[in-house]
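Structure first, then comments.
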Amino acid sequence: WIGNAGQGDDCSGWTGESLGRYLGSCMGSGIHYRYIRELPLLTENDRIRRLSETAAGWRKEGKLTKEGIRLPSGWNMDDFLEALEAVDRLFRKRAAHLSDTIEKNFLVKLLYWAETVLEAVTDGWTKWAIGGSIGTAEYLFAYLVVRLGVDVLLLPEKGKPSLSDELRGL
């Protein structure tokens with residue numbers, strides 16, 4: 001179907017943004033993707049502080065709890081925590097020399113994106129196209145969202161992300 005858009009059957013010439021616009025224009029064809037240009041930068045200091053305290057408490061207690069998380073309505077907290085635990089286990093398994101601070105910062109990113117992005121797309125969209133820079137954290141956030149029942153298409157702005165074979169196989 002990409003070839004029918006006039007860009008070439010091998011997708012050459014497509015950028016994440018142009019493909020995202022194309023997917024968004026397919027509304028009448030039964031393909032319904034919500035295009036997210038990129039995951040937001042962590043800029044809200046009060047939210048970052050709260051999420052940092054939440055993640056630090058989790059590490060201290062040894063388990064994830066819903067305390068400190070503000071998911072928008074429509075998202076199941078138990079499903080979210082289960083998915084977050086699975087993603088955190090994957091991160092811990094693949095990260096060499098993982099310190100508590102690195103893990104806490106990773107969890108803060110995931111929680112921040114969950115609170116901001118899930119809030120922005122609670123309008124029933126079950127397919128997302130996420131663009132921008134895609135690294136390990138962004139990839140694992142996409143995997144978290146997949147575990148919540150959303151189909152995710154990653155549209156990295158610069159080539160393929162550098163990921164381990166294990167992560168690529170998710």
Which residues satisfy the salt bridge (charged side-chain N to carboxylate O under 4.0 Å, His left out) test with Asp46, sequence neighbours excluded? Arg49

Hey, are the side chains of Leu90 and Tyr143 touching, using non-hydrogen atoms and a 4.5 Å cut-off? yes

Side chain to side chain contact (heavy atoms under 4.5 Å, CB included) involving Asn105 - partner list, sequence neighbours excluded: Thr101

Shortest non-hydrogen pair, Leu39 vs Glu138, comes out as CD1-CG, 3.8 Å

Heavy-atom closest pair, residues Thr54 and Gly68: OG1-CA, 3.4 Å

Tell me the closest heavy-atom pair linking Lys66 and Leu81, and the distance in Å. N-CD1, 3.7 Å

Can you name the side-chain hydrogen bond (donor to acceptor under 3.5 Å, both in side chains) partners of Lys104, sequence neighbours left out? Ser52

Considering residues at least two apart in sequence or located in another chain, which fulfil the ring pair (Phe, Tyr, Trp, His ring centres under 6.0 Å) criterion with Trp113? Phe141

With a 4.5 Å limit on heavy-atom distance, are the side chains of Leu111 and Leu84 in contact? yes

Applying ring pair (Phe, Tyr, Trp, His ring centres under 6.0 Å), name anything that partners Phe80, two or more places apart in sequence or on another chain. none

Can you see which heavy atom on Leu71 is nearest to which on Ala114, and at what distance? CD2-CB, 4.4 Å

Set of salt bridge (charged side-chain N to carboxylate O under 4.0 Å, His left out) partners for Asp151, sequence neighbours left out: Lys127

Tell me the closest heavy-atom pair linking Glu38 and Gly132, and the distance in Å. CB-CA, 3.9 Å

Tell me the closest heavy-atom pair linking Val117 and Pro40, and the distance in Å. CG2-CD, 3.7 Å

Mind checking what makes side chain to side chain contact (heavy atoms under 4.5 Å, CB included) contact with Leu98, not counting sequence neighbours? Phe91, Arg92, Ala95, Ile102, Glu103

Not counting sequence neighbours, which residues clear salt bridge (charged side-chain N to carboxylate O under 4.0 Å, His left out) with Arg47? List them please. Glu44, Glu115

